[in-house]
Amino acid sequence: MGSHNWKWPALALAALIVPATAAHAQDVIPLEIGEDWRHPHTGIVVPAELGGITRTRGVSYSEDDLNTGIVFDDAPRGEFLTVYVYRSVGGGVPVWFAQSRMALEMRPEFAGATMPAGIEPVALPGRDTPSGLMVSYGLPEESGLSSTGVALFEVGGFLVKLRATSERRGAAALADTMRAALAELTWPEQAGRGLAPLPVIDCPQPLAFDGTSKDLPQDFSAALGAGLVGMIAQDKADGSEDSEAIGEARRQIQWCLEGSVGSTQRVNRADASADSLLIAIGDSGTSVTAGRSSGLGALLSSADDEKPARYEVVLHLEDVNVTFPAQDRLPSPKRVVEIVNSGRIVMSVPTWGDDRGIEVRLPADAD
């Protein structure tokens, strides 16, 4: 009964996202009967039986196992589990747990769901510090179901999501089933060693926008610098650098919810930031960020102090960052959607695989 929400129904942005995923939306993962399945990039091992339910199928939603689902269905007993492993390219556990809850709560069969225990921080087996978030819901009798729930963790640049639904167990019993299922997975040693994630809260004050942002003249150096920063940051998140050092450098972020620009597209801000935002699309990791250019991207831009700050707009897909024209101020969420829907791509930066060639598209008169 698990699923990913891929759509941005009211927006042309779907034209950029769907072609990359639809071709692989139902690829079957070959699984040997009775044999465990090991995710090739994280090392997570999913057994052939989970929570007393025999595995029924494996699905890959993208190339190179960047988005996968291993399904355990026992329809006669009314018990369903799914383990998803998919790329983490921005927002981390707090944002994508909130998006997963949203996707679950929107499903008609889960109408009237209630949370008896609220959101729980969860530690992986053998770990002392919570590294994930979990919630279980009770469902009304007329639904024909008793409970449903979701838990989410991050491991080596990937998000790991457990979805569960039961026709027989109440919310508390389902939460116990989910904990037991998490303990049956084999986790890599570095998993669950980071900081405890904080659930998303409402933003204390809404953003105020001073007019509509405008495109800045395209700057090759600034665009290339920003692209390199994004590639390096994703490599670190994927664990290609020393994981212990990266863990020490990370800090606990309190994400807040600013609002929405569609039924499944919600606007988030890190630490109630006044100069950046993240629009989470659906529940499978795709997002658009807008924020002030920093690091190498800022250093390589023009040194003229009279020029305005540069605000980058980037679409984060599972294997590539797509950059759009830089803005002279933080664009509103509506403006971000307009910019992305325009299709005026400035640069594409691969964040996965051996081919890391940066494609820059600039006009002939660019600096």
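In this text the structure is predicted, and so the values were computed from the model without any measurement.
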Exercise. Could you give all pairs that pass the ring-ring contact (aromatic ring centres under 6.0 Å, His included) test and reach residues 159-191, with sequence neighbours left out?
Worked result: Phe153-Trp187

Problem set entry | Criterion side-chain contact (heavy atoms from CB on, under 4.5 Å) against Thr56, the qualifying member of Thr82, Asp74, Val71 | Val71

Distance-only donor-acceptor pairs under 3.5 Å for side chains of residues 93-101, two or more places apart:
unit_1 : atom_1 : unit_2 : atom_2 : d
Trp96  : NE1    : Gly90  : O      : 2.6
Gln99  : OE1    : Arg266 : NE     : 3.1
Gln99  : NE2    : Thr264 : O      : 3.2
Gln99  : NE2    : Gly282 : O      : 2.6
Ser100 : OG     : Trp96  : O      : 2.8
Ser100 : OG     : Lys161 : NZ     : 3.2
Arg101 : NE     : Tyr137 : OH     : 3.1
Arg101 : NH2    : Glu105 : OE2    : 3.1

Exercise. How many angstroms lie between OG in Ser332 and CD in Glu338, if you round to the nearest 0.5 Å?
Worked result: 8.0 Å

Seminar exercise, completed: Separation between CZ (Arg179) and CG (Leu162), nearest 0.5 Å, reads 11.5 Å

Exercise. Step by step, would you call Asp275 with Tyr311 a side-chain contact (heavy atoms from CB on, under 4.5 Å)?
Worked result: CA-CA 9 Å; Asp275 62 0; Tyr311 287 82; 4.1 Å; yes

Problem set entry | Rounded distance [0.5 Å steps], CD in Glu184 versus CG in Leu50 | 5.0 Å

Exercise. Can you tell me how far the CG atom of Leu81 sits from the CG atom of Leu174, to the nearest 0.5 Å?
Worked result: 8.0 Å

For this session: Is it possible for you to say whether Val288 and Val337 belong to one hydrophobic cluster, with membership spreading through side-chain heavy-atom contacts below 4.5 Å?
Result: yes

Exercise. Does Leu278 belong to the same Ile/Leu/Val/Met/Phe/Trp/Tyr cluster as Ile253, with side-chain heavy atoms less than 4.5 Å apart forming each link?
Worked result: yes

For this session: Taking Arg168 for its side chain and Arg77 for its backbone only, find out whether a donor-acceptor pair lies under 3.5 Å.
Result: yes

For this session: Indicate, with yes or no, if Phe209 and Val261 share a hydrophobic cluster defined by side-chain heavy-atom contacts under 4.5 Å among Ile, Leu, Val, Met, Phe, Trp and Tyr.
Result: yes

Problem set entry | Minimum heavy-atom distance between Arg163 and Tyr84, given as atom pair plus value | CG-CE1, 4.0 Å

Problem set entry | Pairs satisfying side-chain hydrogen bond (donor to acceptor under 3.5 Å, both in side chains), at least one member in residues 192-207, at least two apart | Glu189-Arg193

Exercise. Going by atom types alone, do Asp271 and Ser273 pair a side-chain donor with an acceptor below 3.5 Å?
Worked result: no

Seminar exercise, completed: By side chain to side chain donor-acceptor pair (under 3.5 Å), Ser287 pairs with (sequence neighbours left out) none

Exercise. Who pairs with His41 by side chain to side chain donor-acceptor pair (under 3.5 Å), at least two apart in sequence or on another chain?
Worked result: none

Problem set entry | Side-chain (Ser147) to main-chain (Arg169) donor-acceptor, under 3.5 angstrom | yes

Exercise. Salt bridge check: are Asp215 and Arg335 linked by an N-O gap of less than 4.0 Å?
Worked result: yes

Exercise. At what distance, to the nearest 0.5 angstrom, does CZ of Phe158 lie from CG of Asn67?
Worked result: 9.5 Å

Exercise. Are the side chain of Thr68 and the backbone of Val85 linked by a donor-acceptor contact shorter than 3.5 Å?
Worked result: yes

Exercise. Any side-chain donor-acceptor pair under 3.5 Å between Asn268 and Glu258?
Worked result: no

Exercise. Between Arg292 and Ala309, is there a donor-acceptor pair closer than 3.5 Å when you use the side chain of the first and the backbone of the second?
Worked result: no

For this session: To the nearest 0.5 Å, tell me how far Ile33 CD1 sits from Thr54 OG1.
Result: 10.5 Å

Problem set entry | Thr289: partners by side chain to side chain donor-acceptor pair (under 3.5 Å), with sequence neighbours left out | His316

For this session: Treat each ILVMFWY residue as a node, draw an edge where side-chain heavy atoms are under 4.5 Å apart, and state whether Leu198 and Val150 are in one component.
Result: no

